[in-house]
Amino acid sequence: MLVIGTPAPDFELYSTPDQKLKLKELLGKKVILAFYPADWSPVCTDQMALYNETLKLFSKHNAQLIGISVDSKWSHLAFSQSRRLHFPLLADFEPKGQVAKMYGVYDEREGIAERALFVVDEKGIIRWNYLSPVGINPGADGILEALESLDKVPVLQK
Amino acid sequence: MSTLLKPPVNSTDHIRGNSNAPLELVEYGDFECSDCGHAYPIIKTIQQALGDDLKFVFRNFPLTQIHPHAVNAAVAAEAAALQNKFWEMHDMILQNQKHLESEDLLLYAIKIGLDPNQFENDMQNNALRAKVEADFESGVRSGVNRTPSFFINGVKYEGASEANELIYYLKNKLSEVGSNF
């Protein structure tokens, strides 16, 4: 898992069937990267439904949430519509798990992303991370505390 | 990942049972969530089993995007609380989870003996919405990750949400902290 203080590796992945999102486009905002194993699985569904409700708390800290799994853009679209999600789900689909591997949170044995969280600051530096046991929904309290502590200290100079 | 209830139970909470009980069970619940409906009779069973050794607290944790009626139902219970009938409304809603339109809530208000005009005014009261949101935020900070989530004596309970498991856990806890009775 990439450690705190590392520049977050850039990537470009499908966020909808015809649009891609580059991490670099979000410079100037904080970004919460939520890697998760699979659309539709019970724990992931709870976790994404929770984050959908905490977006308003994240946005107070100028933070954008992004979900990432190895599911295809079409699975993401259906999952997102069924749960009425208001944040992008990125498809780490081809080459499979490439972004999860860059961040050191790919489970080779199962072929899925681990349940891992990163908070990236406005300058693109990883400032917090957390790896959750795969069956446990980590909630949103750790993210919120990380965002709050970032707002209390000045942004690190590169 | 947090496991502690923040803030601890206080005067803004709705408490059922003995407020000085050695055991404290807090539920973060969503009135439209079927698992919370499932938990409702379980909590009743637990309260009967533990009697005066247990106080039960309900805090709101509405998941508004998947449960579009959850906030209004939560506000209805808070509005009922202003007429000292929080638990009557809480019970009514959880027994009728499939019918939570505004007219249903008004009907329940009348059935439990609320002043309907006062109730309808209170349903528009932003302070009640703020209370529901504050409950939600306290849940997020306490590490609530699904509904229902339970805290026992201030610590998140990770076991099964069934009567036998909960009663077993609570009785063990009681032998640690000691009964008042």
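Proteins come first, then strands; the chains are lettered A, B, ... in the order of their sequence lines, and each starts at number 1. The basis for the numbers below is simple: all heavy atoms, side chains too, and nothing from hydrogens, waters or symmetry mates. Quick caveat: nothing in here was measured; it's all calculated off a predicted structure.
Shown here is A/F58, whose CZ atom has more than 12 heavy atoms of other residues, nucleotides or ligands within 6.0 Å. Summarising the local packing, NZ of A/K56 is surrounded by more than 12 heavy atoms from other residues, nucleotides or ligands at distances under 6.0 Å. More than 12 non-hydrogen atoms from other residues, nucleotides or ligands lie less than 6.0 angstrom from NZ of A/K101. Atom NE2 of B/H99 has 12 or fewer neighbouring heavy atoms from other residues, nucleotides or ligands inside a 6.0 Å radius. Within a 6.0 Å radius of CZ in A/F93, no more than 12 heavy atoms belonging to other residues, nucleotides or ligands are found. Within a 6.0 Å radius of NZ in B/K44, other residues, nucleotides and ligands contribute more than 12 heavy atoms.
Atoms CD and CD1, on A/E53 and B/I66 in that order, are 7.0 Å from each other to the nearest 0.5 Å. The line from CG of A/L57 to CD of B/E137 is 4.5 Å long, rounded to the nearest 0.5 Å.
Residue B/V144 touches chain A through its backbone alone, counting heavy-atom pairs closer than 4.5 Å. With a 4.5 Å cut-off on non-hydrogen atoms, A/Y51 does not touch chain B at all.
Between B/L63 and A/A49, the shortest heavy-atom distance links the atoms CD2-O, 4.3 Å. Here the closest heavy-atom approach between residue B/G143 and residue A/D141 is recorded as CA-OD1, 3.3 Å. Between B/Q65 and A/R83 the shortest heavy-atom distance is CB-O, 4.3 Å.
No continuous path of hydrophobic side-chain contacts links A/L55 to A/V120 [ILVMFWY only; heavy atoms under 4.5 Å].
For chain B, the option among A/T54, A/L144, A/N137 with the highest count of heavy-atom pairs below 4.5 Å is A/N137.
Checked by atom type and distance alone, the side chain of A/D46 never pairs as donor or acceptor with a backbone atom of B/R146 at under 3.5 Å.
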